[in-house]
**Student:** 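Pasting in a structure now, in structure tokens, and then I'll have a few things to ask.
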Amino acid sequence: MLVSPTLAEEQQATTYPEDVNAEEIAEDEYTEDIDIEQMYREMPVPDFKYQHNIDPGEYVDTMHSTWSPYPLFRLTTPLFFKSIAIEPGYYLLTPREHEGAWYILFKQQGKVKYIIPCYKKEIVPVDFYKNHLPQIKMTKVQLIREKTLKFIGKRFKSSKRDPIPDTYLEASDLDNNFISIIVYWGNYRYYFVLRTIQL
């Protein structure tokens, strides 16, 4: 007799990387249990740079993509992380690991301009993108085109393009001039905090 595993057994069987918070995630859980000011004071300013300000992982991420897979962040006023002042502009936000810690790279015209540390990395909740991103309704012609491209991709692997990871951005105003920003990229979300004034 076959017995299907319970949901709890399936969750126990799932393994995540050590740097991921795999606890049950509430939809509205962001920064309630974290002392943002204390965490901000303790987080060091990144002391490393990339050679020629080029992100070495970008080539791998974009090799099979037809456009940039990173979320675009438009900043209209300066934001600050301690001694780092992020000027207004358009930035591609890219999560990257360095020596076991996670950082968000602010990239402009292919160059890394700013590096900001993350204080938390989590798995994106199930169906988050489905519930928060608009679903594309295709016409019959578009459906035929998609099926044709999938057929060609199965037959000729070199012509196949990898799907772009789903992305999403959330920004929340907090007390004492703090802003919490969450970058959703693929299966993970990355939390970091900035200030609207520099101390």
Side-chain angles (χ1 to χ4, degrees), residues 15-51 53-58 60-62 68-75 77-87 89-108 111-126 128-129 132 164-199:
T15 58
Y16 300 109
E18 291 178 8
D19 62 344
V20 173
N21 181 357
E23 295 176 11
E24 194 66 30
I25 300 168
E27 279 294 327
D28 58 351
E29 175 192 344
Y30 296 112
T31 56
E32 293 87 358
D33 58 344
I34 295 172
D35 184 346
I36 291 291
E37 290 191 46
Q38 182 66 29
M39 179 274 307
Y40 182 85
R41 276 190 230 106
E42 292 173 356
M43 286 174 59
V45 173
D47 59 356
F48 67 94
K49 291 188 176 187
Y50 291 95
Q51 191 171 16
N53 293 323
I54 294 174
D55 172 20
E58 184 168 347
V60 176
D61 291 342
T62 59
S68 176
Y70 309 120
L72 183 65
F73 182 61
R74 179 180 178 234
L75 187 59
T77 60
L79 292 178
F80 305 93
F81 180 80
K82 297 188 174 180
S83 61
I84 300 172
I86 303 171
E87 296 300 323
Y90 289 87
Y91 298 98
L92 292 174
L93 302 185
T94 308
R96 284 286 178 256
E97 184 180 15
H98 178 76
E99 296 182 354
W102 283 92
Y103 298 86
I104 294 294
L105 309 183
F106 281 66
K107 296 191 294 192
Q108 200 172 55
K111 300 285 180 117
V112 177
K113 296 246 340 184
Y114 309 104
I115 303 172
I116 305 297
C118 296
Y119 66 85
K120 192 175 182 183
K121 175 188 175 186
E122 286 182 327
I123 297 285
V124 173
V126 177
F128 177 86
Y129 294 120
H132 289 81
I164 300 289
D166 287 320
T167 62
Y168 193 79
L169 284 175
E170 282 186 20
S172 305
D173 281 326
L174 305 175
D175 294 335
N176 203 11
N177 300 306
F178 285 102
I179 293 181
S180 173
I181 300 176
I182 307 169
V183 176
Y184 291 74
W185 194 64
N187 295 327
Y188 300 100
R189 61 186 180 185
Y190 306 84
Y191 295 70
F192 64 101
V193 67
L194 299 171
R195 288 180 63 92
T196 56
I197 59 171
Q198 191 169 26
L199 294 179

**Student:** Between the side chain of Tyr129 and the main-chain N/O of Gly186, is any donor-acceptor distance below 3.5 Å?
**Tutor:** yes

**Student:** So how far is it from Ile181 CD1 to Leu79 CG, rounded to the nearest 0.5 Å?
**Tutor:** 6.0 Å

**Student:** About how many Å separate CE of Met39 and CZ of Phe192, when rounded to the nearest 0.5 Å?
**Tutor:** 11.5 Å

**Student:** Less than 4.5 Å apart, side chain to side chain, heavy atoms only: is that true for Tyr103 and Pro46?
**Tutor:** yes

**Student:** Do the side chain of Tyr70 and the main chain of Leu92 share a donor and acceptor less than 3.5 angstrom apart?
**Tutor:** no

**Student:** Compare every heavy atom of Leu75 with every heavy atom of Glu87, then report the nearest pair and how far apart it is.
**Tutor:** O-CD2, 3.7 Å

**Student:** Could you tell me if the side chain of Pro125 sits less than 4.5 Å from the side chain of Arg189, heavy atoms only?
**Tutor:** yes

**Student:** Around atom CG of Asn187, are there more than 12 heavy atoms of other residues, nucleotides or ligands at under 6.0 Å?
**Tutor:** no

**Student:** What are the two closest non-hydrogen atoms of Ile104 and Cys118, and how far apart are they?
**Tutor:** CG1-SG, 3.5 Å

**Student:** Walk me through whether Arg96 and Asp61 qualify under salt bridge (Lys or Arg N to Asp or Glu O under 4.0 Å).
**Tutor:** CA-CA 11 Å; Arg96 284 286 178 256; Asp61 291 342; 2.7 Å; yes

**Student:** Roughly how far, to the nearest 0.5 Å, is the CG atom of Asp166 from the OH atom of Tyr184?
**Tutor:** 12.5 Å

**Student:** Could you report the tightest heavy-atom contact between Trp185 and Pro69, atom names first, then the distance?
**Tutor:** NE1-O, 3.0 Å

**Student:** Is a side-chain N or O of Arg195 found less than 3.5 angstrom from the main chain of Asn176, in a donor-acceptor match?
**Tutor:** yes

**Student:** Partners of Arg74 by salt bridge (charged side-chain N to carboxylate O under 4.0 Å, His left out), sequence neighbours excluded?
**Tutor:** none

**Student:** Supply the atom-to-atom distance Leu93 CG to Leu105 CG, rounded to the nearest 0.5 angstrom.
**Tutor:** 9.0 Å

**Student:** On a heavy-atom basis, which atom in Asp173 and which in Ile179 lie closest, and how many Å separate them?
**Tutor:** OD1-CG1, 3.7 Å

**Student:** Could you tell me the separation between the CZ atom of Phe48 and the NE2 atom of His98, rounded to the nearest 0.5 Å?
**Tutor:** 4.5 Å

**Student:** Which atom names give the shortest non-hydrogen contact between Thr196 and Phe80, and what distance separates them?
**Tutor:** O-CE1, 3.6 Å

**Student:** Decide yes or no on side chain to side chain contact (heavy atoms under 4.5 Å, CB included) for Val112 and Ile54, but give the supporting numbers first.
**Tutor:** CA-CA 6 Å; Val112 177; Ile54 294 174; over 6 Å; no

**Student:** Would you indicate whether the side-chain heavy atoms of Ile182 and Ser172 approach each other to under 4.5 Å?
**Tutor:** no

**Student:** Please step through salt bridge (Lys or Arg N to Asp or Glu O under 4.0 Å) for the pair Glu58 and Lys107, ending with a clear verdict.
**Tutor:** CA-CA 11 Å; Glu58 184 168 347; Lys107 296 191 294 192; 3.0 Å; yes

**Student:** Quick check on the 6.0 Å ring-centre criterion: do Phe81 and Tyr40 meet it?
**Tutor:** yes

**Student:** Nearest 0.5 Å please: distance from the CG atom of Asp55 over to the NZ atom of Lys111.
**Tutor:** 12.5 Å

**Student:** Does Trp102 reach the main-chain N or O of Tyr191 with its side chain, forming a donor-acceptor pair under 3.5 Å?
**Tutor:** no

**Student:** Could you please spell out the steps behind the side chain to side chain contact (heavy atoms under 4.5 Å, CB included) verdict for Tyr91 and Ile86?
**Tutor:** CA-CA 10 Å; Tyr91 298 98; Ile86 303 171; 4.1 Å; yes

**Student:** Minimum heavy-atom separation for Gln108 to Gly89, with atom names?
**Tutor:** NE2-CA, 4.1 Å

